[in-house]
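All chains are named by letter (A, B, ...) in the order of the sequence lines, taking the proteins before the strands, and each is independently numbered beginning at 1. Values reported hereafter were calculated over all heavy atoms of this structure, with side chains retained and with hydrogens, waters and symmetry mates removed.
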Amino acid sequence: MHDIKLIRDDAAAFDAALARRGMEPQSPALLKLDVQRREALGRQQEAETERNALSKLVGRAKASGDEAEFNRLRGEVDRLKTVLEESSEQAKHFDEALNQHLAALPNLPEADVPMGKDENDNQEIRRWGEPKALGFKAKDHVDLGEGLGQMDFEAAAAMSGARFVALKGGLARLERALAQFMLDLHTGEHGYMEVSPPYMVRDEAMFGTGQLPKFADDLFRTTDGRWLIPTAEVPLTNLARDAIHDDAALPMRMTAYTPCFRAEAGSAGRDTRGMIRMHQFQKVEMVALVKPEDSAAELDRMTGCAEKVLQLLELPYRVMLLCNGDMGFSAQRTYDLEVWLPSQDAYREISSCSNCGEFQARRMNARFRKEGEKKPAFLHTLNGSGVAVGRAMLAVMENHQNEDGSITIPAVLRPYMGGLERLEA
RNA sequence: GGAGAGGUGGCCGAGUGGUCGAAGGCGCUCCCCUGCUAAGGGAGUGUACGCCAAAAGCGUACCGAGGGUUCGAAUCCCUUCCUCUCCGCCA
């Protein structure tokens, strides 16, 4: 959510930044609404001032028992009513129109975010690890999982439809092991506090993080009007809503292991095979609330925390700086981690770490008070996958597969697997 | 799900139609006093928006949220959210 005052101050800069999102200039329409709103508000407040003054006189007349004066004043206030009603209705109308317009505008990309249309224009920042030469033709995780008898798409589809899977035995445990490992890493080494949040939230929460009002189609809705979270970013970030935080409490780092539910409305036909794109998947998420001056460094730190997961799992990956065209609605800067998938001979997204600046904080009114300063300021929010558990599992399967279809379990996961070193049929 | 009670400023807590942004207390800030500490005295202490180049200042709104009645609402009415108690149900 953008600050109309900043747009007022420098409309050209705002439009220029929006152009980097591929958008037409919005400031003319916004500023027009802003002027209309303020004019109406001025009229309303003037009328209210007058009404308040007169009402006091009415009260006095009544108290002193002056019936004639009482009735005369009453009539006068009565006449104000029309003006009041009209102007306040207009003020409300323009205010809502302005907010609606503002709420639909995405965050502005930082100045050095590369320009581009889609993921092909993202900029590679660095690589870690070498894709292993397997010496045989890599199987994909579906063949591996079904070969183990531990990954059942058919049974899941029968009860739930496409884009669901049932894991059994060793793979079910591997998923749990991955989650445990990631949580232990982030809470133990990276200073994140573990949170177990709600998986269903209200409209306001979805608005706060930016899923609403524009992206309802990507979400599942319950019959009583709540939404299933598409990521723990939503409940974790909303923990800060409607509050003024003590600046000593910042940075606040939180992590959660949750299911994520996505309607995948726009991705029909994409990634239909396997576990890459599911309606329901597990993810360990990181969220950080920081002071504005710390958010840039925090993004690097958070990205590093996600990288650490892949390094310890011995999974080759690369870090991409997303171009403007591939960035999410609320982000001002995003790094994606892409993990190597031998079966696809390609790197695929496994984590996405974003600095949202004060964009979300404004939407949910999450502020902090600086030591010694009177006025509360909006804090900055960041979120990142640390990492997607389902995709991590298939990356482990594919990268650590053996020719016989068994899977070598990375050393770091073995304590979580009862010491097991291999998954075998 | 049924029956009842509530939601007031950082906290506690008064206030059932007028001069209430809201008594009182606690906390906090500043000042005074006091040979340490403690006690005591005084002043101040919300947020948002608008007007203003800005500060000062002025205005408006805010007593969970939204709507209504009224010349005037923290106070009356409706809706809604949340909390608590009892009963029922339940992992």
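Counting only heavy atoms from C-beta on, P376(A) has its side chain closest to U47(B) among U47(B), G50(B), C71(B). Closest contact between the side chain of T49(A) and the listed nucleotides G59(B), G50(B), C71(B) involves G59(B). For R51(A), the side-chain atoms get nearest to C71(B) when compared with the rest of C49(B), G67(B), C71(B). Closest approach to the V58(A) side chain among C71(B), C81(B), C49(B) is made by C71(B) (side chain taken as heavy atoms from C-beta onward).
The residue L41(A) sits close only to the backbone: its heavy atoms come under 4.0 Å of sugar-phosphate atoms, none of a base. Residue R362(A) is out of contact with every strand shown, counting any heavy-atom pair closer than 4.0 Å. Among the protein residues, R367(A) comes within range of the sugar-phosphate backbone only, with heavy atoms under 4.0 Å from sugar or phosphate atoms but none that close to a base.
Base pairing of G35(B) is not made with any nucleotide, judged by Watson-Crick or G-U wobble geometry with both donor-acceptor distances under 3.5 Å. Using the Watson-Crick or G-U wobble rule with both distances under 3.5 Å, U80(B) pairs with G64(B). Partner assigned to A43(B) is U29(B), using Watson-Crick or G-U wobble distances below 3.5 angstrom. Across all strands shown, the partner of C71(B) is G18(B), judged by Watson-Crick or G-U wobble contacts whose two distances both fall under 3.5 Å. In this entry G59(B) has C49(B) as its Watson-Crick or G-U wobble partner, both defining distances falling under 3.5 Å. As the counterpart of A91(B), no nucleotide is assigned, since no Watson-Crick or G-U wobble pattern has both distances under 3.5 Å. If you check A3(B) for Watson-Crick or wobble pairing at under 3.5 angstrom, you find it paired to U85(B). Taking a pair to require two hydrogen-bonding distances under 3.5 Å in either a Watson-Crick or a G-U wobble arrangement, G24(B) pairs with C12(B).
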Are any protein N/O atoms closer than 3.5 Å to N/O atoms in nucleotides 74-76 of chain B? If there are, list each pair with its distance.
none

- Item | Evaluation steps, ring pair (Phe, Tyr, Trp, His ring centres under 6.0 Å), between H380(A) and F359(A) | CA-CA 8 Å; H380(A) 280 197; F359(A) 186 82; over 10 Å; no
- Which is it for Q360(A) and T381(A) under the side chain to side chain donor-acceptor pair (under 3.5 Å) test, yes or no, and what are the steps along the way? CA-CA 7 Å; Q360(A) 294 179 324; T381(A) 64; 2.7 Å; yes
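The aromatic rings of H279(A) and F164(A) are tilted relative to each other, their planes meeting at an angle between 30° and 60°. Ring pair H190(A)/Y192(A) is perpendicular by interplanar angle, where above 60° counts as perpendicular and below 30° as parallel.
Contact annotation: R38(A) does not reach the phosphate of C49(B) (side-chain N/O to OP1 or OP2, under 4.0 Å). Considering only side-chain N and O atoms, K92(A) lies nowhere under 4.0 angstrom from the phosphate OP1 or OP2 of A61(B). Contact annotation: R202(A) side-chain N/O to C82(B) OP1/OP2 distance is under 4.0 Å. For the pair R37(A) and G50(B), the criterion of a side-chain N or O lying under 4.0 Å from OP1 or OP2 is met.
Looking only at atom types and distance, the side chain of N383(A) has no donor-acceptor partner in the side chain of S354(A) under 3.5 Å away.
Both N52(A) and K81(A) lie near RNA chain B, and the one whose nearest nucleotide falls closer to the 5' end is N52(A). Positionally, the nearest nucleotide of RNA chain B for K56(A) lies more toward the 5' end than for the other of K56(A) and E48(A).
The distance between atom CG of L84(A) and atom P of A61(B), rounded to the nearest whole Å, is 9 Å.
Heavy atoms of other residues, nucleotides or ligands lying less than 6.0 angstrom from CD of E86(A) number 12 at most.
Residues D112(A) and R333(A) meet the side-chain proximity criterion, which asks for heavy atoms closer than 4.5 Å.
For the pair R363(A) and F207(A), the cation sits on the ring face: its NZ or CZ lies under 6.0 Å from the ring centre, inside 45° of the axis.
Between G7(B) and G64(B), the distance separating the two P atoms is 8 Å to the nearest Å. Nucleotides G10(B) and U29(B) place their C1' atoms 13 Å apart, quoted to the nearest Å.
Atom CE of M115(A) sits about 11.0 Å away from atom CZ of R21(A), to the nearest 0.5 Å.
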